[in-house]
Asks: 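Below are the C-alpha cells for one structure; questions will follow.
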Amino acid sequence: MSWIVFTVLSPLFGAVASVVTGGRLRDAVIALTAGGTALSCVMTAAAVHAAGAPLRLSVGGWGAPLGIRLHADGLAVVLMGATVVIGAFVTAYARSYFGFRAESGREALFWPIWFIMWGALNALYLSGDIFNLYVTLELINLSAVALVALPRTEAVLRAAIRYLFVAFLGSLSYLFGVALLYAETGALDIAMLARAVEPGLSASASFALMLAGLMIKCALFPMHFWLPPAHANAPSPVSALLSSVVVTASAYIALRLGFTVFSPLLASPLAPVIGTLGAAAVIWGSLSALLQPRMKMVVAYSTIAQVGYIFLLFPLAAASPAAATLAWYGAIYFAVCHACAKAAAFLAAGAVLDVAGHDEVRRFPGLARRFPVAFFAFGLAGVNLVGLPPSGGFLAKWLLLQSAIGQGAWVVAAVLIAGSLLAAGYIIRVLERAIVEEGIVTRPADRRHRGLTWPALGLAMAPIVLGFAAHLPMALLEIGSPVGAFP
Amino acid sequence: MITWNAWLPMLVPAVSLLAGAWIFCLREDQRGLRGVVNITSALLKIMLVILMLWGVYQHQFYEFRLHLFGRVDLVLHADPVSLLFVSLSAILWLVTTIYAIAYLEGSPNRTRFFGFFSLCVSATTGIALAGNLLTFLLFYELLTLSTYPLVVHRGTEKALRAGRVYLAYTVGGGAVLLLAISWLYSLAGPVQFLERGSLAPLAASHPGELRVIFGLLVAGLGVKAALAPLHGWLPVAMVAPAPVSALLHAVAVVKAGAFGLVRVVYDLYGIELCRDLQVLVPLSLVAAFTIVYGSARALFQDDLKRRLAYSTVSQVSYIALGIATLGPLATTGGIVHLVHQGLMKITLFLCAGNFAESLHIHRISEMNGVGRRMPWSTAAFSLAAFGMIGVPPMAGFVSKWYIGLGALEAGSPWVILVLLASSALNAAYFLPIVYRAWFLPPPKAAATAGWSAGDSIHPALLWPVLATCFLALLAGLLAGSSYSPLFWARLITAREYGL
C-alpha cells in the first residue's frame with residue numbers, strides 16, 4: 001500500500017534534491033528520482049492488478065469527507081504508467097538537451113519544476129475528490145507555464161503569459177462548478193457525489209462549468225488558440241510534456257467526472273454539443289496542421305486535432321451501454337497512445353530544431369540523410385497519429401469506429417476516418433521534404449546528438465508496443481471501470 | 001510438433017522483419033554484411049515455405065494465434081491459397097534482392113532501401129498468411145507504409161510527387177477497407193478466412209449490408225489491385241528504381257490487392273453467398289473494363305516502364321475476372337494467373353531495368369536493335385512478352401485458356417470477346433517492341449559494335465532475368481505436372497468448391 005504514497009513523494013523529494021545539488025550529483029538525483037517514481041508507479045499498478053479492485057488509502061488516517069483520500073483504480077494506474085514511460089524518455093532527452101547549455105542558471109530550473117509536475121500528475125490521477133483534482137490541476141498548470149517561460153525570449157514570454165491567463169480562466173470555471181456542486185450536495189468525494197447528484201439544472205450547470213474549464217485547459221476547439229504558440233515555442237522537452245501528459249490530465253478529469261458524477265447527464269443535449277466540438281477540433285486542427293510552415297507547429301496543431309477524438313466519446317457513449325463500453329476503452333487507449341506518440345513527435349521535432357538550427361519544413365531537404373533516426377522516430381509516431389496498424393492508435397480508433405458503426409453514428413465514423421487521412425497528409429508533408437535530395441549538399445550527422453534522437457525513437461516505439469500488448473492495459477482498465485468489462 | 005506448427009506461419013514474415021530491423025542498424029558502408037543478411041534471410045524464407053508447402057499438401061494445419069485484445073486475434077495460417085502467394089513472393093524476393101544489390105551498387109541511402117525492402121516482403125507474406133480480416137488489414141497497411149520510402153527512394157521532386165499520388169490512393173483505399181472491415185466486425189464479430197466462406201449465417205438477415213460491405217471491400221482492395229478507375233497510382237509510381245517497380249508494383253502491391261479479392265470472394269463470402277447476393281457480375285464488368293482499358297492505354301505509351309505499368313493494370317484484372325466468373329475452371333485460371341503474371345511481369349520489368357542501366361534506354365522509340373546489343377535480356381523480354389499475349393506454351397496462355405473455358409462453363413461467352421480483344425491489344429503493344437529490338441538496325445553510334453556475344457552487364461543483373469523467364473516458361477510447359485502452379489491452383493479450386 002505504501003507504494004502509492006511514493007508515487008507522489010519521490011518526485012517531490014527529487015524536486016528538492018535537484019535544486020540543492022549540481023553536476024554529477026544532480027545527474028544521480030535525476031536518475032534516482034525517475035527510477036524511484038517509475039518503480040513506485042509500477043508497484044502500485046502491480047498491487048491494483050493483484051487485488052483486482054481499486055485501492056483506497058486515507059492519508060494520515062483521515063477519511064472522507066475531511067482527509068485526503070487516494071484512490072487507485074485501473075484508469076489511474078494506466079495513466080500513471082503512461083506518464084512513467086513518457087517521463088522516463090523525456091528525462092533522458094532533457095538531460096542531453098539542457099546538457100548542451102549552461103549547467104546552471106534558468107535552464108537548471110527545468111528539473112525541480114518537472115519533478116513537481118510529475119508528482120502533481122500522479123496525485124491528480126490518484127485523487128478521489130473534485131477539490132483535490134482542482135489543486136493538483138492548478139499545480140500542473142503553474143509548473144507548465146513556468147516550464148514554457150524557461151527561455152527568456154519575447155515570443156516565449158508572450159505565449160507563456162497568454163497560457164497563464166487561459167489556464168486561470170479554465171481553473172476559475174472549474175472551481176465555480178465545484179462550488180456549485182458542493183453547495184448542492186455538501187460532498188466533494190467522487191464516490192459520494194456519484195450517489196448524490198441528480199439530473200437537474202444545477203447539476204447540468206456545474207457539469208457545464210467544469211467541462212468548459214477543462215476544455216479550455218486541454219485546448220478543445222474553439223478554445224485552442226493559446227496552445228500552438230505555447231507548445232511550439234517552449235523548449236522541446238517541455239513541448240513534449242505539455243502536449244502529452246498535461247493535456248491528457250485535463251481530458252482525464254473530464255472523462256472521470258463525465259462517467260461517474262455526471263453519468264446521469266450523458267444522455268442530455270450536452271453530449272452532442274461536446275461531440276460536435278470534438279469533431280470540429282479533429283477537422284480544424286488537422287487542416288491547420290497541414291498549413292503550418294514549422295515542424296513543431298505541425299505537431300502542436302496535431303494535438304488540437306487529437307484531443308478532439310477523446311471528446312467524441314461523449315456522444316458515442318450516450319447511445320447504449322455496449323456502445324459506451326467500446327467507446328470508453330477506445331477513448332482511454334487513444335489518450336494513452338496519443339500521449340506517447342505526441343511526446344515522441346515533439347522530441348523528434350526538437351532534435352531536428354536543435355541540430356539543424358531551424359524547423360522550417362521548406363528548408364528540410366537533405367535532413368533525412370543527416371538525421372535518419374529523428375525522422376524515422378517522427379514517422380513511427382506518425383503511424384500512431386494516423387491510426388495505422390500495428391500501433392495502439394489503430395486499436396483505439398478501431399474501438400471508437402466499432403462503437404460508432406454499431407450504433408449507426410456514421411458522421412462520427414466519417415470524422416474518425418477523415419481525421420486519419422488528414423493526419424497522413426500532415427505527417428507525410430514533413431517527411432517528404434526531408435527526403436528530398438535534389439540540389440542539396442549534405443553533411444553527415446555529428447554524433448553529439450544521439451542523446452536527442454534515440455530517446456525520441458525509443459518513445460516512438462511505445463505506441464507500437466501498445467499495439468501488440470494491449471491486453472495488459474485493457475485488463476488493468478477493467479478494474480474499477482465505470483462501464484464494465486472489456487467486451 | 002504442435003508448437004512448431006504454430007510458429008511456422010509466424011516465422012515467415014518474422015524472418016524478413018528481423019532482417020529489415022538488422023539492416024536498419026547497419027552503416028551505409030557495410031555492404032558485405034548487408035548483402036549476407038539479405039540473401040540469407042531470403043534463402044531461409046524459401047526453406048520455411050518449402051516446409052509448409054509439403055505439410056499443407058498433406059493436410060497439415062499451421063496456425064499462429066496471438067491474442068491482441070477483446071475478441072480480436074492476430075491470426076496467421078497456412079492454407080493452399082496463402083502458400084501460392086507466399087511461394088511466389090519468397091522466390092521472387094530472392095531473385096529481386098540479388099538484382100537490387102547489383103542495381104543499386106554505389107548509390108546512396110542503401111541501408112534505408114534494403115531495410116524497407118525487407119519490411120515490404122514481411123508485409124507481403126503477412127498478407128498471404130493472414131487468417132482473418134484484421135490481420136490482413138494490419139499487413140496491408142504495413143505494405144503501404146514500407147513501400148512509400150521505396151517509391152520516393154531517389155529523392156527527386158518527381159519521385160516525391162509520385163509518392164504523394166501513391167499515398168493518396170493507397171491510404172484512401174486503406175481507409176475504405178478499414179471502414180468495411182469495421183462494419184463487418186460489428187455485424188458478424190471476428191470473422192475468419194475459411195474455405196468456402198464464413199459469412200453464410202448472415203445472408204438471410206443482412207443481405208443489403210453485406211452487398212454494400214462487399215462493394216467497399218472491393219473498392220478498398222481495388223486500389224492496390226489497380227482496378228479502373230482506381231489504377232492512377234500505378235503508372236505514376238514507376239519513377240521508383242527498377243527492382244521496386246518489378247517486385248512491388250508488378251508483384252507484391254498489386255498482387256496484395258488481387259489476393260485480397262480472392263480471400264474476400266472465396267474465403268470470406270464464399271461462392272454460394274456471392275452468387276446469392278449477385279455481387280460478382282459488377283466485379284466482372286469492372287475487371288473486363290480494366291482489362292481492355294489498361295491495354296488500350298498501354299498502346300499509347302512511349303515510355304517503356306509506363307507501357308509495362310498499364311499492361312500490369314490490364315493483366316492483374318485477369319485475376320479479378322477469373323474470380324468473378326463462377327465455376328471451377330475460371331477460378332483455376334484466375335488464381336494461377338496470380339503466379340503466372342508475376343513471373344512474366346517481373347521478367348519484363350527487370351529487362352527494362354537492364355536496358356535503362358546499361359544502354360540508358362527508357363523509351364520504346366529508342367529500342368531499335370537492342371537485340372543485337374543485349375541478346376540475352378532481349379530474348380527474355382520477348383519470351384515474357386509472348387507469354388503476356390498468351391502464346392503457347394508460355395504461362396500466360398494457360399491462364400487465359402482456363403479463364404476462357406470457365407467463362408463458357410459459366411455461360412458468359414462475352415468474356416471470350418474480352419479475352420480476344422485484350423490479346424489483340426497485347427500483341428499490338430508488345431510485338432512492335434519485339435520487332436524493333438530484333439529487326440530494326442540500332443542507331444548509328446551503336447551500330448559499329450555489331451552483334452555482341454552477350455550482355456555487357458553485371459551477371460547479377462542478367463541471371464535473375466533469365467531465372468524468372470525460365471520459370472515462366474516452365475510454368476507453361478510443365479503446367480500438367482504435379483509441381484506446377486496450375487496443379488496447386490487446381491488443388492485450391494477443388495477445396496474451395498468442395499470437389
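Side-chain atoms are counted along with the backbone in the values below, which use heavy atoms only and exclude waters and symmetry mates. Just so it is clear: chains get the letters A, B, ... in the order the sequence lines come, proteins before strands, and each one is counted from 1.
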Asks: Side chain from CB out, backbone as N, CA, C, O: work out which of these in B:F139 comes under 4.5 Å of a heavy atom of chain A, or both, or neither.
Replies: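 Neither part.
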Asks: Using non-hydrogen atoms and a 4.5 Å limit, figure out which bit of B:L137 sits close to chain A: side chain, backbone, both or neither.
Replies: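 Interface part for B:L137: both.
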Asks: Name all residues meeting the side chain to side chain contact (heavy atoms under 4.5 Å, CB included) criterion together with A:V483; count only those two or more places apart in sequence or in a different chain, and write none if there are none.
Replies: A:F259, A:T325, A:W328, A:Y329, A:S481
Asks: Where does A:L401 contact chain B at under 4.5 Å (heavy atoms): side chain, backbone, both or neither?
Replies: both
Asks: Checking heavy atoms, do the side chain of A:V383, its backbone, both or neither come under 4.5 Å from chain B?
Replies: side chain
Asks: Using 30° and 60° as the class limits, which term best fits the ring planes of B:Y185 and A:W398: parallel, tilted or perpendicular?
Replies: perpendicular
Asks: Sort A:R429 into side chain, backbone, both or neither according to what part of it lies under 4.5 angstrom from a heavy atom of chain B.
Replies: neither
Asks: Counting heavy-atom pairs closer than 4.5 Å to chain A, which one of B:V171, B:L134, B:L187 comes out on top?
Replies: B:L134
Asks: So for B:I181, is it side chain, backbone, both, or neither that comes closer than 4.5 Å to the heavy atoms of chain A?
Replies: both
Asks: Heavy-atom distances under 4.5 Å only: say whether A:L399 touches chain B with side chain, backbone, both or neither.
Replies: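 Contact with chain B is through the side chain of A:L399 alone.
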Asks: With a 4.5 angstrom heavy-atom cut-off, could you sort out which part of A:F468 is near chain B: side chain, backbone, both or neither?
Replies: both
Asks: Would you please name every residue forming a side chain to side chain donor-acceptor pair (under 3.5 Å) with A:D73, sequence neighbours left out?
Replies: A:R256
